[in-house]
Amino acid sequence: MSNEDPRTQELVDEFTRRFQSAPTHISVGPGRVNLIGEHTDYNDGFVLPIALYRDIRIALRPRTDRTVRAYSLEYDDWYEFSIDDLKYDEDVLWSNYMMGMAWVLEEQGVRLQGMDAVVSGNVPRASGLSSSAALEVATGKALLVASGQPDAVIGVPLATSAQRAENKFVGVNCGIMDQFISVLGAEDNALLIDCRSLEYRLIPFPAQAALVIGNTKASRSLAGSAYNERRSQCEQGVALLQQELPDIAALRDVTSEQLEAHKHLLPELVYRRCRHVVSENERVMQTVDAFQRGDLAEAGRLMDASHASLRDDYEVSSAALDAMVDAMRSAGGCIGARLTGAGFGGCAIALVEPGSEQAVGDAIFDLYPKATNIWPEIYTSRPGPGAHVLELA
Ligand code: GLA
């Protein structure tokens, strides 16, 4: 893979310097960006993310005991823990994603061995590109390889394990999307995930389209509490709608027509939250159709509508995200743009005509800092592969 080699060599050298022997494997967990389907995963709905060619990599060497000795290049920090003594550590946040994976795999009956590990990554942190899921998934694969059981937990069960580590060990109430795409992403494809059945379908990413990701670099301080508040507003909506729609179990089961017909059951704010989720699920399926027909203009229109719904009904945008999306849309080759991930900061994504990436980037660097006084970052990526392990000679 084109982006793999220089980083692999650097990581091997770093590991060898730190541990005085060579690593045996490198496990790779990619970050992700969601094309459409925001705040739908915890409503049993649909999402359409891609894995990025940006990832967390762990160079490892198995140990014969149950100790994990890890060095993080990004934090320039060592951490050591025993698989027999896994406790949340509020002083070293990154270590909890690793311990959480050890905890969840052991809980499932996998007997783990320890490892020496060097962790490195190029998924921007706290930017809505799922560096946490990437670290969980890379750690899961690394621990399984170190234990001589690389196939004990793979595919969807690895994704649900990583989500459980984040929910129960790290204590973040996320849905399944990020871990799912990090495990199961596929080159040149988006993944249509049914977050209820956990079935998925590869949707070829159109050859006539490219992506520009704009990182607002704006703080996401509100993200945690507001995320949980949105989740409970959705649950409240379901409970109220069930008075007249007893067969629904989640907002996934509600159509736009049903929501309008039963609107009187809901306080105004809860109605708008529900309207976002219900319409967003419909937009995901319409985007899949549009991709399959090669109708990129329609896909762009749906992305724009998603942003408006997230901004006005779900209220998870921010001045910085709106400024980023405006800057993206001002460029000629931009087909559609929206915030991506949980919101409140982090990144926006633009679907653009291939060859116009530079022009969209220029428009962002020109307009966004004027609107916000913040210098953004820009990335481009085709859909990359899901998590995998490189065996070193
Ligand atoms: C975060 C969560 C995901 C999902 C998105 C919003 O990324 O981790 O599970 O809910 O927000 O779509």
Side-chain angles (χ1 to χ4, degrees), residues 29-52 54 96-97 100 123-137 156 159-185 190-196 198 200 213 215-216 220-235 250-252 273-274 276-284 287 302-303 306-307 309-311 313-318 321 338-349:
R32 66 98 186 89
V33 75
N34 190 17
L35 301 181
I36 197 161
E38 222 62 82
H39 291 277
T40 46
D41 62 350
Y42 54 82
N43 288 297
D44 275 3
F46 300 100
V47 293
L48 191 67
I50 65 161
L52 293 172
R54 284 184 171 262
N96 295 305
Y97 298 97
V123 187
R125 257 183 286 137
S127 299
L129 299 178
S130 294
S131 59
S132 324
L135 177 54
E136 287 153 8
V137 167
V156 176
T160 52
S161 300
Q163 183 200 14
R164 185 166 165 76
E166 180 137 357
N167 292 168
K168 302 292 173 197
F169 195 91
V170 181
V172 174
N173 204 13
C174 62
I176 186 62
M177 168 168 69
D178 308 343
Q179 292 81 7
F180 200 109
I181 184 67
S182 184
V183 173
L184 287 147
L191 227 60
L192 171 63
I193 307 169
D194 178 333
C195 298
R196 169 176 281 164
L198 301 185
Y200 63 97
I213 300 166
N215 187 346
T216 62
R220 294 196 306 164
S221 51
L222 248 175
S225 56
Y227 185 88
N228 291 336
E229 185 188 63
R230 297 298 181 284
R231 283 190 77 139
S232 59
Q233 288 164 336
C234 291
E235 283 161 22
L251 287 177
R252 142 70 173 279
R273 302 297 191 246
C274 294
H276 164 69
V277 174
V278 169
S279 64
E280 184 79 351
N281 273 326
E282 293 169 351
R283 280 187 290 271
V284 174
T287 301
L302 290 160
M303 287 175 74
S306 170
H307 185 78
S309 175
L310 287 159
R311 181 191 60 211
D313 276 356
Y314 219 60
E315 294 181 278
V316 294
S317 190
S318 65
L321 280 165
R338 56 181 289 277
L339 73 84
T340 182
F344 301 103
C347 290
I349 185 173

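Start at 1 and go down the list; that is how both ligands and their atoms are numbered.
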Taking both backbone and side-chain atoms of Y42, is any N or O found less than 3.5 Å from an N or O belonging to ligand 1? no
Geometry only, no angles: is Y227 polar-contacting ligand 1 at N/O separations under 3.5 Å? yes
Go through E280 and S306 one step at a time and tell me if the side chain to side chain donor-acceptor pair (under 3.5 Å) criterion holds. CA-CA 6 Å; E280 184 79 351; S306 170; 2.9 Å; yes
Can a side-chain donor-acceptor contact be found between R125 and S131 if the only test is distance below 3.5 angstrom? no
Using a distance-only test with no angle check, is there a side-chain donor-acceptor pair under 3.5 angstrom linking R283 and S309? yes
For ligand 1, which atoms have a heavy atom of G175 less than 4.0 angstrom away? 9 (O)
Residue, atom name and distance, where the atom is the protein heavy atom closest to atom 8 (O) of ligand 1: D178 OD2, 2.6 Å
With under 30° as parallel and over 60° as perpendicular, where do the rings of Y227 and H39 fit, or are they tilted in between? tilted
Atom 3 (C) of ligand 1 [closest protein heavy-atom partner, distance rounded to 0.1 Å]: D41 OD2, 3.3 Å
List every atom of ligand 1 that sits less than 4.0 Å from any heavy atom of E38, numbering the atoms from 1 in the order shown and giving each element. 6 (C), 12 (O)
Can you classify the ring geometry of Y314 versus H276 as parallel (below 30°), tilted (30 to 60°) or perpendicular (above 60°)? tilted
Any heavy atom of R32 sitting closer than 4.0 Å to ligand 1? yes
Looking at atom 5 (C) of ligand 1, what's its closest protein heavy atom, distance included? M177 CE, 3.8 Å
Correct closest heavy-atom pair for L339 and E38 would be O-OE1, 4.0 Å
